[in-house]
Amino acid sequence: MAQYARGAAAVAVIRLRNPPVNALSLTVLQALEDGLKRADADPSVKAVTICGENGKFSAGADIRVFSSPKKQGLGLGPIISLIERSEKPVVAAIEGIALGGGLEVALGCHYRIAHVQARMGLPEVTIGLLPGAEGTQRLPRLIGIPAALDIITTGRHVPATEALKLGLVDEVVEENTVEAAIRLATKLIGQPLGHRRLSLRPVPRLPNMEAFLSDALMKVKKRAQGCLAPELCFQAIKAATELPFADGVRKERELFNILLTSGQAKALQYAFFAERAVEKWTTPNGASWKSASPQPIRKAAVIGLGTMGRGIVTSLVKAKIPVVGLEQDLEYLNTGRKAVMLLLEREAMKMEQGAQTLDFHNPARLQFTVDFDVLRDVDLVIEAVFENMALKKEIFNKLSRICKPEAFLCTNTSALNIDEIASVTNRPQQVIGTHFFSPAHVMRLLEIIYGRHTSPTTIATAMQLAKVMKKVGVVVGNCFGFVGNRMMFPYTQQAVFLLEEGSRPEDVDRVLEDFGFKIGPFRMSDLAGLDVGWRSRKDQGLTGPSLAPGTPARQRRGYRYSPLPDLLCEKGRFGQKTGKGWYQYEKAGGRISKPDPWIHSFLSEYRDTHQIKTRFIDQEEILERCLFALISEGFDILAEGIASGPEHLDVIYINGYGWPKHRGGPMFYASTVGLPNILAKLQKYSEMHPDVPQLRPSAFLKKLVAMGNPPLNDWMSYLHRQSNKL
Ligand SMILES: CCCCCCCCCCCCC[C@H](O)CC(=O)SCCNC(=O)CCNC(=O)[C@H](O)C(C)(C)COP(=O)(O)OP(=O)(O)OC[C@H]1O[C@@H](n2cnc3c(N)ncnc32)[C@H](O)[C@@H]1OP(=O)(O)O
Ligand SMILES: NC(=O)c1ccc[n+]([C@@H]2O[C@H](COP(=O)([O-])OP(=O)(O)OC[C@H]3O[C@@H](n4cnc5c(N)ncnc54)[C@H](O)[C@@H]3O)[C@@H](O)[C@H]2O)c1
């Protein structure tokens with residue numbers, strides 16, 4: 001709702017109230033409208049201030065309303081026009097946040113005062129929409145086309161000081177913002193308001209408007225990667241340059257409705273809430289975010305300053321946690337130190353542009369050592385040494401002897417058993433997997449893996465660490481590859497099988513990149529290094545010297561196996577680092593991939609050798625075999641209780657594996673394709689490839705289909721229900 005009160009003799013204060021972020025629900029809108037009408041009707045009221053409860057102006061429209069049948073009633077635009085038309089001056093007092101519809105309300109006001117720590121923005125694009133309450137028409141009139149385009153098509157939050165420079169607000173204050181707004185409103189009583197009504201202003205012209213817009217459109221499309229909203233935001237802003245205000249508003253509404261009814265908005269809004277839902281973690285034995293309290297981390301250590309350790313140290317420094325980086329010897333230490341410093345210099349430059357600083361030259365904040373004794377006083381250690389169980393056990397055993405008893409011990413292993421690592425310590429309850437993604441200072445995902453003995457406090461502490469590092473922590477159970485890499489295995493396996501049967505790496509990558517992945521499986525493999533998987537397969541006895549003599553080339557443990565990646569590694573083709581992998585690169589370490597004729601003839605010789613008949617494989621088959629195998633593994637993970645809901649898998653894939661957010665994650669995508677369709681396709685492919693267990697549909701998927709294809713929110717409630725149709 002919105003509370004109506006008198007702030008000073010002649011000033012009415014309308015306070016938006018809907019905790020925690022004063023989202024504009026239908027009730028709030030009704031109360032806002034009632035408040036405006038009451039102020040208008042009361043002759044003793046000469047001015048109005050609009051503010052928000054609890055130091056937050058408003059986070060915009062209540063996102064849940066967009067998927068409810070009541071959305072027709074969300075008539076925010078007319079209320080904003082009502083504010084603007086008021087003959088009594090209306091001042092917005094912006095504290096905390098003014099986002100989306102919240103900022104649109106402020107744009108309808110005649111003046112805007114912001115607290116110095118406030119942030120403003122129109123983030124609708126991030127949930128698949130555009131500002132639908134006349135914001136695409138008012139903002140360009142206030143701050144010009146280039147700035148409005150930037151703010152609306154990126155959805156970024158603008159700090160108050162920048163907002164002042166842009167002319168988005170009239171004043172920034174450090175004191176009580178509402179009181180300052182009331183004072184301003186009092187001064188404005190009786191003054192003319194015409195020039196303050198944004199709908200009456202022209203859009204500032206640019207000398208080269210047409211060229212500017214066509215260049216901007218190209219950039220917006222390139223960044224959008226298949227997402228519809230940025231381009232429609234652009235169209236709405238362009239309309240402001242071409243049409244009178246009222247016609248521009250009509251165009252905005254038309255474009256808004258296209259987005260609202262698109263599957264993309266639904267997917268992006270699902271992703272918004274999924275990301276928040278995973279913060280409320282639970283485990284099958286009843287541990288939960290509600291009852292577990294995190295411990296403070298005042299100092300941390302990172303062991304191993306290779307690819308991952310460097311990024312992890314950088315993330316900790318950025319989170320202002322003092323950190324010690326440890327390496328195995330001085331040579332590795334120097335290399336690691338230089339790499340960390342370079343990353344930090346770059347981060348510092350970026351932060352200075354945003355007027356923040358990064359203090360990392362102080363040894364109390366960042367220290368490097370080869371001496372484990374230095375770790376005696378740290379509260380938490382993250383191990384990021386080579387992926388080798390014996391080495392990890394040696395390190396954890398040492399840590400458990402050296403670190404103080406209350407210190408937490410985390411491993412960045414990609415797949416190894418957390419319980420086995422914990423077993424060599426004197427504190428298995430404080431051992432946990434913290435699986436960062438490369439590059440660790442950039443990627444938002446932190447997969448948090450609890451073992452059999454991990455305590456709720458340890459889980460809560462790892463989740464808190466994720467939050468402080470501005471990452472998305474997702475709590476999952478312990479199994480080989482955990483959630484992300486376990487689901488990735490059937491996906492990359494299908495990609496390689498498709499090469500055996502007739503596709504080329506660039507065909508498979510193109511289909512998955514067109515689907516929206518930032519990078520296809522072969523380009524990804526070249527980037528990560530083919531040798532990483534090769535080492536792991538050798539450790540598992542799937543290839544290399546430990547492979548039993550006489551093992552058929554394309555079979556392991558009775559199932560289909562493709563030796564193609566091993567053969568490439570044997571030829572020294574490790575991907576980007578060697579300049580050759582599934583593609584060729586301009587040089588070792590090069591990044592521009594080109595299809596490689598050598599690979600094409602290598603594949604055709606391989607097919608001849610193994611008497612595989614080359615066939616044309618269409619896009620549909622490529623997409624379905626890769627994605628549905630991954631999804632089926634996801635259903636197995638849910639059935640085993642490794643993750644507590646489909647949104648966990650989706651958040652992991654969006655934030656760690658480049659899954660297109662506008663498709664909502666693999667499990668959400670499965671729900672849009674329809675579980676019966678996925679089941680039917682998996683059954684078909686599985687019949688065609690009976691020696692590939694990853695194509696056999698998950699029993700849980702079958703059960704959900706038998707139960708009538710329930711909506712995704714209900715899936716987990718069917719886990720233990722009996723089905724007589726199976
Ligand atoms: C064919 C049919 C035609 C129908 C016509 C329809 C009508 C047309 C009229 C359209 C009017 C459009 C108006 C406007 O242009 C559209 C919008 O405003 S869309 C919303 C835009 N705003 C956002 O995207 C902001 C989203 N929120 C955030 O970014 C962050 O939450 C935050 C505000 C920065 C705060 O961050 P944190 O402090 O980290 O806190 P949390 O993120 O954990 O949030 C706390 C809590 O609040 C919930 N929440 C946040 N914002 C909203 C919201 N806008 N709506 C609903 N709920 C919100 C969040 O989910 C958390 O709750 P929890 O999930 O934990 O229970
Ligand atoms: N590279 C990735 O993309 C990625 C992603 C997620 C997780 N991981 C996991 O992170 C871990 C590290 O991987 P990486 O890619 O950073 O490896 P890396 O080879 O780049 O670095 C490992 C570092 O550990 C150091 N090290 C080895 N033994 C040590 C010891 N006894 N004491 C101190 N330091 C020691 C090495 O000198 C090296 O610098 C592995 O478990 C890996 O599976 C890697």
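Just follow the structure's listing: the first ligand is 1, and inside any ligand the first atom is 1. Along the sequence shown, the residues carry numbers beginning at 1.
In this structure the side chain of Val476 never reaches within 4.5 angstrom of the side chain of His435, judged on heavy atoms. Under the 4.5 Å side-chain criterion, counting only non-hydrogen atoms from C-beta, Leu130 is not in contact with Ile237. Between Phe57 and Ile50 there is a side-chain heavy-atom pair separated by less than 4.5 Å. When side chains are defined from C-beta on, Thr434 does not count as touching Ile312, because their heavy atoms never get closer than 4.5 Å. Taking 4.5 Å as the limit, every side-chain heavy atom of Leu326 sits out of range of all side-chain heavy atoms of Val374. Contact annotation: the side chain of Phe273 approaches that of Arg64 to within less than 4.5 Å [non-hydrogen atoms, C-beta and beyond]. Taking the side chain as every heavy atom from C-beta outward, Trp281 and Ile448 never approach each other to under 4.5 Å.
Ring centers of Tyr491 and Tyr653: at least 6.0 Å apart, outside the cut-off.
When the options Asn22, Ile258, Asp62, Leu260 are ranked by their closest heavy atom to atom 56 (C) of ligand 1, first place goes to Asp62. Closest to atom 5 (C) of ligand 2 by heavy atom, among Met443, Met308, Glu327, Arg535, is Met308. Between the choices Val65, Leu99, Leu24, Ile63, the shortest heavy-atom distance to atom 29 (O) of ligand 1 belongs to Leu99. With distances taken over non-hydrogen atoms, the option nearest atom 40 (C) of ligand 2 out of Val385, Thr413, Val370 is Val385. Here atom 17 (C) of ligand 1 lies nearest to Ala61 when heavy atoms of Pro131, Ala61, Gly75 are compared.
Note on Arg523 versus Asp526: no salt bridge recorded, every NZ/NE/NH1/NH2 to OD/OE distance being 4.0 Å or above. With salt bridges taken as basic N to acidic carboxylate O contacts below 4.0 Å, one links Glu420 and Lys393. The pair Lys251-Glu254 meets the salt-bridge criterion, since a charged nitrogen lies less than 4.0 angstrom from a carboxylate oxygen. Ion pairing between Glu279 and Lys467 holds under the 4.0 Å rule for side-chain N and carboxylate O.
By the 3.5 Å distance cut-off applied to N or O atoms, Gln328 is counted among the residues near ligand 2. Residue contacts with ligand 1: Glu124 is placed with a nitrogen or oxygen under 3.5 Å of a nitrogen or oxygen of the ligand (distance criterion only). In terms of polar-atom proximity, Val21 is not counted as a contact of ligand 1, lacking any N or O under 3.5 Å from an N or O of the ligand. Backbone and side-chain nitrogen or oxygen atoms of Arg276 are examined, and one is located within less than 3.5 angstrom of a nitrogen or oxygen of ligand 1. Note: an N/O pair closer than 3.5 Å links Glu104 and ligand 1 by distance alone. Annotation: Glu387 places an N or O atom under 3.5 Å from an N or O atom of ligand 2; distance criterion only. Not a single N or O atom of Ala23, backbone or side chain, sits closer than 3.5 Å to an N or O atom of ligand 1. Annotation: Asn257 places no N or O atom under 3.5 Å from an N or O atom of ligand 1; distance criterion only. Inclusion of Asn412 in the set of residues having an N or O under 3.5 Å from an N or O of ligand 2 is warranted.
Under 4.0 Å from ligand 1, not a single heavy atom of Arg253 appears. At a heavy-atom distance under 4.0 Å, no atom of Phe437 approaches ligand 2. At a heavy-atom distance under 4.0 Å, only side-chain atoms of Ile127, from C-beta outward, approach ligand 1. At a heavy-atom distance under 4.0 Å, no atom of Glu279 approaches ligand 1. Of all the heavy atoms of Ile395, the ones lying under 4.0 Å from any atom of ligand 2 belong exclusively to the side chain. Contacts between Ile97 and ligand 1 below 4.0 angstrom, taking non-hydrogen atoms only, involve the side chain exclusively. For Glu394, no heavy-atom contact with ligand 2 is shorter than 4.0 Å. Only side-chain heavy atoms of Leu391 come within less than 4.0 Å of ligand 2; its backbone N, CA, C and O stay farther off.
Contact annotation for atom 17 (O) of ligand 2: protein absent (non-hydrogen atoms, distance under 4.0 Å).
Expressed to the nearest 0.5 Å, how far CG of Leu228 lies from OG of Ser262 amounts to 6.0 Å.
Protein heavy atom closest to atom 15 (O) of ligand 2, with residue, atom name and distance, is Thr307 CB, 3.6 Å. In terms of protein heavy-atom proximity, atom 3 (O) of ligand 2 is nearest to Ser438 CB, 3.4 Å. Remark: minimum distance from atom 21 (O) of ligand 2 to any protein heavy atom is reached at Gly306 CA, 3.3 Å. Remark: minimum distance from atom 27 (C) of ligand 2 to any protein heavy atom is reached at Phe386 CE1, 3.5 Å. Summary of contacts: the protein heavy atom closest to atom 6 (C) of ligand 2 is Phe436 O, 3.2 Å.
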List the steps and the verdict of side chain to side chain contact (heavy atoms under 4.5 Å, CB included) for Cys410 and Leu380. CA-CA 7 Å; Cys410 313; Leu380 177 139; 3.9 Å; yes
Test side chain to side chain donor-acceptor pair (under 3.5 Å) on Gln540 and Ser536; report intermediate values, then the result. CA-CA 6 Å; Gln540 293 173 63; Ser536 162; 3.0 Å; yes
Would you sort out whether Tyr657 and Phe437 count as a ring pair (Phe, Tyr, Trp, His ring centres under 6.0 Å), showing the intermediate values? CA-CA 9 Å; Tyr657 293 85; Phe437 287 72; 5.2 Å; yes
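The distance from ligand 1 to the heavy atoms of Phe66 drops below 4.0 Å at these ligand atoms: 16 (C), 19 (S). Close contacts of ligand 1 with Pro123, meaning ligand atoms under 4.0 Å from a residue heavy atom, involve 22 (N), 23 (C), 24 (O). Within ligand 1, the atoms closer than 4.0 Å to a non-hydrogen atom of Phe273 are 60 (O), numbered from 1 in the order shown. Atom numbering of ligand 1 starts at 1 in the shown order; those under 4.0 Å from a heavy atom of Gly60 are 18 (O). Annotation for ligand 2: atoms under 4.0 Å from non-hydrogen atoms of His435 are 6 (C), 7 (C). Numbered from 1 in the order shown, with element, the atoms of ligand 2 that lie under 4.0 Å from a heavy atom of Ser414 read 6 (C), 7 (C), 8 (N), 9 (C), 42 (C), 43 (O), 44 (C). If you number the atoms of ligand 1 from 1 as listed, the ones under 4.0 Å from a heavy atom of Phe256 come out as 8 (C), 10 (C). Near Gly101, with a cut-off below 4.0 Å to any heavy atom, the atoms of ligand 1 are 14 (C), 17 (C), 18 (O).
Judged by the 6.0 Å and 45° rule, Arg401 forms no cation-pi pair with Phe372. Cation-pi contact between Arg486 and Phe482: absent, since separation from the ring centre below 6.0 Å together with deviation from the ring axis within 45° is not met.
Taking 4.0 Å as the cut-off, Ala384 counts as a neighbour of ligand 2 on heavy-atom distance. Taking a 4.0 Å cut-off on heavy atoms, Lys392 registers as neighbouring ligand 2.
When only modelled atom types and interatomic distance are considered, Asn257 and Arg253 share no side-chain donor-acceptor pair under 3.5 Å. In the model, Ser67 has no side-chain atom that pairs as donor or acceptor with a side-chain atom of Gln269 under 3.5 Å.
Ring geometry for Tyr332 against Phe386 counts as perpendicular: the plane angle is over 60°, on a 0 to 90° scale with 30° as the lower cut.
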